[in-house]
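What follows is a short report on a single structure.
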Amino acid sequence: MMLYSHQFAEIDVALRRGRHLSRHDYLTYEFIAQNFDDLERFYAGYACRLVQHPDGFFFLLGQGLLPSRKLSRGVMHLGKFIALKARDPELTKANGRISVQELLHDVETSTPPETLTKVYAPKRKEVLTGAAVYEEVLKCLQMLDELGFVSRAGDYVVPREAIHRFAELARHDNSPSDLSKIALEAQRGVVFDEVDDDSTGEADEGQDK
């Protein structure tokens with residue numbers, strides 16, 4: 001039975017941790033696609049929803065019995081930043097890769113230091129600059145990698161299909177109308193919730209932080 005297989009166990013753990021599984025994870029993607037109806041019913045038993053995004057990847061919305069978590073402002077900011085860079089036609093000339101150093105530099109130079117501090121290190125009193133900025137941004141980049149939004153390959157990062165979830169909010173300046181919220185929730189799996197000091201925007205990204 002599919003639910004007793006080792007492959008399902010690995011996929012289940014990944015989904016519960018909030019990982020987005022795309023065509024890049026070929027064998028995993030094929031397994032979910034072939035067993036989607038059964039998996040959908042399985043997670044419905046937890047009052048959760050297995051989502052197949054229009055852009056071609058799967059993820060789990062943990063809105064029921066499974067614990068959910070909110071992404072930090074830093075992860076949200078960096079996710080939207082990379083999502084917008086991924087739409088740059090120049091990226092195709094670099095085989096879809098973004099230099100990590102270039103990314104760090106662009107984040108630092110495009111945002112005022114005071115704002116960077118509030119977004120990436122809200123509990124720090126001193127303003128972030130230089131190496132301190134890079135350290136905090138790299139932590140967020142690692143989280144995006146673990147969740148399947150990007151792949152880190154040495155000195156480069158490759159945006160995956162799932163990164164476009166962040167672009168949905170960027171298009172609406174992080175403040176979509178009520179009608180747009182309904183469409184984003186139904187069609188794109190974006191979840192809106194009350195926002196606290198440590199999170200923003202696209203709240204539900206999985207389980208087990």
Side-chain angles (χ1 to χ4, degrees), residues 18-22 24 51 53-57 59 61 68-92 94 96-122 128 133-152 156-206 209:
R19 186 168 179 82
H20 292 58
L21 302 172
S22 66
H24 175 69
V51 178
H53 194 277
D55 288 345
F57 55 88
F59 62 96
L61 283 179
S68 62
R69 58 118 177 271
K70 295 180 179 180
L71 296 182
S72 69
R73 288 184 175 181
V75 174
M76 287 296 302
H77 179 270
L78 186 60
K80 287 189 285 187
F81 195 89
I82 295 175
L84 294 177
K85 286 184 72 70
R87 294 175 180 271
D88 186 348
E90 291 294 319
L91 196 63
T92 59
R97 302 186 306 173
I98 302 172
S99 165
V100 173
Q101 288 302 315
E102 175 188 334
L103 178 64
L104 294 172
H105 176 268
D106 289 349
V107 169
E108 183 180 23
T109 57
S110 66
T111 309
E114 294 79 7
T115 303
L116 280 176
T117 303
K118 290 180 181 179
V119 170
Y120 286 93
L128 295 181
V133 174
Y134 293 176
E135 179 182 351
E136 297 299 332
V137 174
L138 285 174
K139 290 178 184 177
C140 295
L141 184 61
Q142 181 180 354
M143 177 62 68
L144 291 174
D145 188 0
E146 291 174 358
L147 295 177
F149 291 110
V150 302
S151 293
R152 179 80 183 271
Y156 293 90
V157 58
V158 180
R160 296 301 176 197
E161 296 98 325
I163 199 67
H164 297 305
R165 286 195 73 194
F166 293 100
E168 306 296 342
L169 287 176
R171 284 196 201 99
H172 296 276
D173 296 325
N174 209 30
S175 300
S177 65
D178 290 341
L179 187 60
S180 295
K181 283 185 178 182
I182 294 173
L184 288 171
E185 288 176 348
Q187 300 171 15
R188 302 286 177 171
V190 179
V191 176
F192 297 92
D193 200 354
E194 293 297 322
V195 183
D196 58 33
D197 290 338
D198 295 321
S199 61
T200 184
E202 188 177 19
D204 191 347
E205 284 299 335
K209 186 167 182 180

Trace of the side-chain contact (heavy atoms from CB on, under 4.5 Å) decision for Phe81 with Val137: CA-CA 11 Å; Phe81 195 89; Val137 174; over 6 Å; no
Which atom of Leu91 lies closest to which atom of Pro159, heavy atoms considered: CD2-CG, 4.4 Å
Close side-chain approach of Thr111 and Tyr120, heavy atoms under 4.5 Å: no
From Phe166 atom CZ to Leu78 atom CG, the distance as rounded to the nearest 0.5 Å: 8.5 Å
Side-chain touch Lys85/Leu103, heavy atoms, less than 4.5 angstrom: yes
Exam field: side chain Ser22 to backbone Phe57, donor-acceptor pair closer than 3.5 Å: no
For His164 against Asp55, the heavy-atom pair lying closest together: CB-OD2, 3.6 Å
For Glu136, salt bridge (charged side-chain N to carboxylate O under 4.0 Å, His left out) partners two or more places apart: Arg124, Lys139
Evaluation steps, side-chain contact (heavy atoms from CB on, under 4.5 Å), between Val158 and His24: CA-CA 11 Å; Val158 180; His24 175 69; over 6 Å; no
CD1-CG distance between Ile98 and Asp106, expressed to the nearest 0.5 angstrom: 9.0 Å
Row check, Phe59 ring normal vs Arg165 NZ/CZ: under 6.0 Å, within 45°: yes
Nearest-0.5 Å distance that lies between atom OG1 in Thr115 and atom CG in Leu128: 11.0 Å
Qualifying residues under side chain to side chain contact (heavy atoms under 4.5 Å, CB included), relative to Leu138, sequence neighbours excluded: Val100, Leu104, Leu141, Arg152
Sidechain-backbone polar pair: Arg19 side chain, Asp145 backbone, donor-acceptor under 3.5 Å: yes
Distance-only donor-acceptor check, side chains Tyr134 and Gln101, under 3.5 Å: no
Close side-chain approach of Leu147 and Leu71, heavy atoms under 4.5 Å: yes
Residue from Val119, Val107, Ile82, Val75 passing side chain to side chain contact (heavy atoms under 4.5 Å, CB included) with Cys140: Val75
Inter-residue atom distance Leu144.CG - Met76.CE, 0.5 Å rounding: 10.0 Å
Stepwise side-chain contact (heavy atoms from CB on, under 4.5 Å) test for Arg160 and His20: CA-CA 9 Å; Arg160 296 301 176 197; His20 292 58; over 6 Å; no
